[in-house]
Amino acid sequence: MQEHNLHVYNTLTRTKEKFEPFSPPFVGMYVCGPTVYGDPHLGHARPYITFDVVSRYLRHLGYKVRYVRNITDVGHLVNDADEGEDKIGKKAKADQLEPMEIVQMYTNSFHDAMRALGNIPPSIEPSAAGHIPEQIKMVQEILDAGLAYESNGSVYFDVEKYAKTNDYGKLSGKVLEDLISSQEREGVRNLDGQSEKRSSLDFAIWKKANPEHIMRWESPWSDGFPGWHLECSVMSRKYLNFPFDIHGGGMDLQFPHHECEIAQGKAATGIDPVKYWMHNNMITLDGKKMGKSYGNGINLDQFFTGDHPLLKQAYSPMTVRFYILMAHYRSTLDFSNEALQSAQKAMQRLFNAISSLNDVKPSGSSTFNVQEWVNECYAVLDDDFNTAQLLALLFESVKVINQLKDGQTKLTEADLDLFKEKVNLFVFDILGLKDEEAQSGNQEEVDGLIKMLLKLRQDAKLSKDYATSDAIRDEIQALGFKILDGKDGSSWERQS
RNA sequence: GGCGCGGUGGCCGAGUGGUUAGGCAGCGGUCUGCAAAACCGUUUACACGGGUUCAACUCCCGUCCGUGCCUCCA
């Protein structure tokens, strides 16, 4: 395993801590996955790209990462439905489809979007519906520990009792008294099951299903379904064991979801389940938060096709990925056409420089300190995965590459090899970017053909037949290629 | 109302108690038959009001604004 100085920001302590997993070289990482009842949207892009880079970097450092990300396909109530219907069940009835058909459909489209964004699939992607027995078992464990109670067929976690001996709120910074008074101020909530609870803070770990509820399972307490926080506790425990190293998710999940995960896990096992809690920040759109009520929710597919009133053009999946990586994961990030267009251009410039790196010839001496640059790249990644700074350093490398081409900067063969290796490592392996344009399989044939045309154009220029040379250039450009005239002849690249 | 996070130049976005972020856009130059590209140089900053300090964009307090949570939405 590589020596490193990786520090990660731990929400639990609100500080950056040196990363030291429980049993190196193994690292367990759990990230809250999607609820598959709708198309993947922009809000899905950020957490999964963030933790994709985290897993890529950890693996690069030599860790054996087991990355677990769940598929939520069960048991969550519809926000605006007073009957407490299962979200997936409701959609199924509306569309006249089997619930599991819906689940499969949106799981597939989620996977498609993730693949397009360049995310490596997790090691294990367990589904909540596939872990009902384990969830029933954990409910029983919490009951046995005396930290939950049954009420009318449902089982609720007893928050106030748990809080007597545990710090409920340590992750989110909530104070129990504040929560109570805040809820009193809000008045009595009319949500289903409120009267069954001893305290409004208590949350369901097993919920009795209404008669019309489609997705339901037998349990010792009722025909019903597991509570909304339970699956993550159960599946992270099953595949990573408590305590495990990293738990990730969006900042919006801090409370109550992750706070409840800690409470449940501790109640059931006596073990504080997670060492490092990592939270990515939210995305805004033209400075406003996204949401259905704002009419600015955009599906990922709409980004990729440009088919949305707020989008002036299509943005490729890599442009979205690049743009997200231009900001630090703990900052809010604002999406706008202007910002995405600038990201698209910047990314193309980066790729163009990298592809031209292969043509650079080594020199007898070096005028650029490659090793120092490499060290800086590692230093910024070690500082809580600062991809924004890494990209700044990579644009420094773009400048260096261009100077190498012009002969203004020189590198020895050893330095050049190191430089090439590390530029490729950071851009493609760690940031997970892909040069989509260069993916076509007949790259070499195209290169040969265009170079032949450039030769003809050069001949025309030498005989001052500019009409012909310009015609060749215009035709090539019309096909989507740019002609770059340099001191040592012409080269070409694809137009962004 | 409570808890948390943030307000950086035309736009996006890093970072720091005293020294260049970076990208996109703009401007000037080199190169070029012209153009593009590339390269060089360069203009616009740290919400507002106090305070601490030799020194604050960076620390503290207040105000305003944005945002997340306080809802069985994961």
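All values below were derived from every heavy atom in this structure, side-chain atoms included, with hydrogens, water molecules and symmetry-related copies excluded. Naming convention: chains lettered A, B, ... in sequence-line order (proteins, then strands); numbering from 1 in each chain.
Which of B:rC40, B:rC70, B:rC72 sits closest to the side chain of A:K197 comes down to B:rC72. Listed candidates were B:rC39, B:rC34, B:rC12. Nearest to the side chain of A:D470 is B:rC34.
Using a cutoff of 4.0 Å between basic side-chain nitrogens and carboxylate oxygens, A:K16 and A:D383 are scored as salt-bridged. Remark: A:D223 does not engage A:K208 in a salt bridge, criterion side-chain N to carboxylate O under 4.0 Å.
Nucleotide B:rA14 holds its P atom 16 Å from the CG atom of A:L394, rounded to whole Å. Note: CG (A:N352) to P (B:rC39) measures 11 Å, nearest angstrom. Going from atom NE2 of A:H229 over to atom P of B:rC72 covers 7 Å, rounded to whole Å.
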> Should A:Y378 and A:F426 be marked as a ring pair (Phe, Tyr, Trp, His ring centres under 6.0 Å) after you check the CA-CA gap, both sets of side-chain angles, and the distance that decides it?
Replying inline: CA-CA 9 Å; A:Y378 278 108; A:F426 290 121; 5.2 Å; yes
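Once the 5.5 Å centre distance and the 30° plane angle are applied, the aromatic ring of A:F395 is found not to be stacked with the base of B:rG23.
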> Where does RNA chain B pair, written as one dot-bracket string 5' to 3', with Watson-Crick or G-U pairs under 3.5 Å, ( ) inside the strand, [ ] for crossing pairs and | for another strand?
Replying inline: (((((((..(((.....[...))).(((((.......)))))....(((((..]....))))))))))))....
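Only one option out of A:T387, A:N386, A:D384 pairs with A:Y329 in a side-chain hydrogen bond (donor to acceptor under 3.5 Å, both in side chains); it is A:D384.
No contact: A:E396 has no heavy atom under 4.0 Å from any strand. Within the 4.0 angstrom heavy-atom criterion, only backbone atoms of the sugar-phosphate kind lie near A:S331; the bases stay farther away. The residue A:F203 sits apart from the nucleic acid: no heavy atom pair falls under 4.0 Å. When heavy atoms are screened at a 4.0 angstrom cut-off, A:N386 is found touching the sugar-phosphate backbone but no base atom. Nucleic acid contact for A:G33: sugar-phosphate only, since backbone atoms but no base atoms lie under 4.0 Å from a heavy atom of the residue. Residue contacts shown for A:K461 include a base, since a base heavy atom lies under 4.0 Å away. If you check every strand for non-hydrogen atoms under 4.0 Å, A:Q341 touches nothing. Within 4.0 Å of A:D334, counting heavy atoms only, lie sugar-phosphate atoms of the nucleic acid but no base atom.
The distance from the SG atom of A:C32 to the CZ atom of A:F51 is 9.0 Å, given to the nearest 0.5 Å. Taking CG of A:L201 as the reference point, atom CD of A:E160 lies at 6.0 Å (rounded to 0.5 Å). Rounded to the nearest 0.5 angstrom, A:S154 OG and A:Y156 OH are separated by 4.0 Å.
Here A:K405 does not reach the OP1 or OP2 of B:rA37: none of its side-chain N or O atoms lies under 4.0 Å away. For the pair A:Q348 and B:rG23, the criterion of a side-chain N or O lying under 4.0 Å from OP1 or OP2 is not met.
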>> Can you build the contact string for nucleotides 3-11 of chain B? Use B for base contact, S for sugar-phosphate-only contact, and - for no protein heavy atom under 4.0 Å.
In response: BS------S
Side-chain donor-acceptor distances from residues 250-258 of chain A under 3.5 Å, at least two apart:
unit_1, atom_1, unit_2, atom_2, d
A:H257, ND1, A:H229, ND1, 3.0
A:H257, NE2, A:E261, OE2, 3.2
A:H258, ND1, A:H279, NE2, 2.8

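For the pair A:F322 and A:V400, nearest-nucleotide mapping onto RNA chain B gives the more 5' position to A:F322.
For the residue pair A:S331/A:N281, the side-chain donor-acceptor check at 3.5 Å is not satisfied.
Around atom NZ of A:K238, more than 12 heavy atoms belonging to other residues, nucleotides or ligands sit under 6.0 Å away.
Applying the 3.5 Å distance criterion, the base of B:rC34 shares a donor-acceptor pair with the side chain of A:R473.
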